[in-house]
Amino acid sequence: MKYVLVTGGVVSGLGKGVTASSIGVLLKACGLRVTSIKIDPYLNTDAGTMSPFEHGEVFVLDDGGEVDLDLGNYERFLDIKLTRDNNITTGKIYQHVIAKERKGDYLGKTVQVVPHVTDAIQDWIERVAVIPVDGEEDPADVCVIELGGTIGDIESAPFIEALGQFSYRVGPGNFCLVHVSLVPVLNVVGEQKTKPTQHSVKGLRGLGLTPDILACRSTKPLEDNVKEKLAQFCHVPLEYIFTLYDVPNIWRIPLLLKDQKAHLAISKVLNLASILNEPSLGEWTSRAELCDNLHVPVRIAVVGKYTGLSDAYLSVLKALLHASVACRKKLVVDWVPACDLEKETEKENPDAYKAAWKLLKGVDGILVPGGFGDRGVEGKILAAKYARENKIPFLGICLGMQIAVIEFARSVLSLQDANSTEFNHETKHPCIIFMPEGSKTHMGGTMRLGSRKSIFNVKDSKSAKLYENKSFVDERHRHRYEVNPDMVERLEKAGLSFAAKDETGKRMEIIELPNHPFFIGAQFHPEFKSRPGKASPLFLGLIAASCGELDTVLNPASAHQHSISNGPTNIFINGTSKKSPNGLADVRYNNGYCNGLYTR
Ligand code: GLN
């Protein structure tokens, strides 16, 4: 096993995650099998309890792990399935060490950061790196490890120490350190400044780590003299210094690295030269070009709680992009703060109220994402009502499905106080109730998490067709509440269809309104398994319906040239179809991040 460690210096938010995933893509394109580990030095055991507003979305894995959103990035870029242990936190490591101490594993010893915590970190990395994540049986060839935070953070000290020791443990030729840094330009002189990088490399060395490669974030490619200066002061050879300058979409990053021959540098450090093929990134190039050249817009309103921070809905956003690109449309997302749609806001802040409704009324499709807590719930219900009554394509995810059921019960069944017991314990018509898989009395550990089966049971439903008429699908869950089984019959009679249920038939997984052009809700989160070349079927349905092309997706037999292809083999560029060499012809979307930093 070879290891590539990616650290960050100078400032946070440089796009270490994208850099690390892009390195993975590049190595994969050379024929290597790649896995990844993300280290988050915070004390939480996992991301499950962290606010999306502070830390971005909680990403959910097949095994139910609630992890940092960077793992989503690795899964999407490398098309792999990670496990909860691929996300290491200080909380997990200390929990592990303390449990061992209680068991008596260190009997007689003083338990210390060095060597006990640092050993635990190294053992964890070695154990997790060999877990296959790409469907093969053997371990991967390379493990990309991203160390969260910035060099010098107090919290990351034990990890830095452990990784320093680890580089000795695995030996030269097996460990490559890529340090991502910032080279700012001062407006007054317009000069690219190397000092922050020099300082950060000095800090790294002071902590016992020696960078092999520098990946410098900057607005423009680095000037030759700037690179020379960096080489001289940071003791990194010139050909091991790369510029990750601003590009119109993040899927160009692997191409940037390839153009600068980063694969050769990494292969030299890792002694991989003999098994390294020239990277084949043809499909990445096509998709990057295609993405930059989409012009026909599709407007989607995302009606959520955390509309101020797009990272809070990162996977939803990515899934929308994948689907839009599959439909050859330029995605325009209108973030609608759910609260602003509510009557209260009309009184308190009429301008915000008007603006929110104006936005909602101008879109082609509406998406209500998952969420917890009652803030904005009434606004989401109003958005679902608007979509239902005005035949606007609608996709509700998890809480988004639950509020659609509440809305239906209130409006169609005339149950005015219908609600979820999450928001009103006293409701006379609890159409959404707490249905834990385990204990009914304890909140801790009662979340239904990870991959579960949804079995289709309604003939000719749109969702079953979107999932290619499979009898069931495995999608990822993260919720406590569900449709009240006692109300299902009544809802069904009034026209709400339950297109998929779990294996027991008691848990409702997909709702649909058959008499609506596209009104679907899912209790699971389809966004977590969306990939650039394999858009999630429900997202594809939403986008296709929003641009009036749902029929083409539901009845591919009648598809014509220039039509939607979500299959793995065709890409359409200017109306012509090109066969992808390896069936991976997917398309990634121009995210338009060129404001000095690129997004994860
Ligand atoms: N709060 C709801 C529940 O726990 C929905 C959760 C979600 O949207 N992820 O069931």
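Worth knowing before you read on, the calculation uses all heavy atoms, side chains too, and leaves out hydrogens, waters and symmetry mates. Order of listing sets the numbers, starting from 1, for every ligand and every atom in it. We count residues from 1, following the sequence as given.
In terms of protein heavy-atom proximity, atom 2 (C) of ligand 1 is closest to Glu422 OE1, 3.3 Å. Looking only at heavy atoms of the protein, atom 10 (O) of ligand 1 is closest to Tyr481 N, 2.7 Å. The nearest protein atom to atom 4 (O) of ligand 1, hydrogens excluded, is given as Arg480 N, 3.0 Å; this is a heavy-atom distance. Given atom 7 (C) of ligand 1, the protein heavy atom at minimum distance is Cys398 SG, 3.0 Å. Atom 5 (C) of ligand 1 has as its closest protein heavy atom Gly371 O, 3.3 Å.
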Run Ser156 and Asp153 through side-chain hydrogen bond (donor to acceptor under 3.5 Å, both in side chains) and show every step you take.
CA-CA 6 Å; Ser156 53; Asp153 293 347; 4.6 Å; no
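Annotation for ligand 1: atoms under 4.0 Å from non-hydrogen atoms of His525 are 9 (N). Atoms of ligand 1 found under 4.0 Å from any heavy atom of Gly370, numbered from 1 in the order shown, are 8 (O).
With no hydrogens or angles considered, no side-chain donor-acceptor pair links Asn44 and Thr89 at under 3.5 Å. Looking only at atom types and distance, the side chain of His479 has no donor-acceptor partner in the side chain of Gln402 under 3.5 Å away. If you check the side chains of Glu475 and Ser454, you find no donor sitting under 3.5 Å from an acceptor.
Residue Lys465 qualifies as enclosed at atom NZ: its count of foreign heavy atoms under 6.0 Å is above 12.
Of the N or O atoms in Gln523, none lie within a sub-3.5 Å distance of an N or O in ligand 1. The shortest N or O to N or O distance between Gln402 and ligand 1 is below 3.5 Å. In terms of polar-atom proximity, Leu399 is counted as a contact of ligand 1, with an N or O under 3.5 Å from an N or O of the ligand.
Looking at Arg478 against ligand 1, only its backbone comes within 4.0 Å, counting heavy atoms. The residue Glu482 has no part lying near ligand 1, judged by heavy-atom distances below 4.0 Å.
For Tyr467 and Phe456, the gap between ring centers is short of 6.0 Å. Checked against the 6.0 Å centroid threshold, His55 and Tyr42 count as a close aromatic pair.
Ring geometry for Tyr481 versus Phe434: interplanar angle of 30 to 60°, hence tilted.
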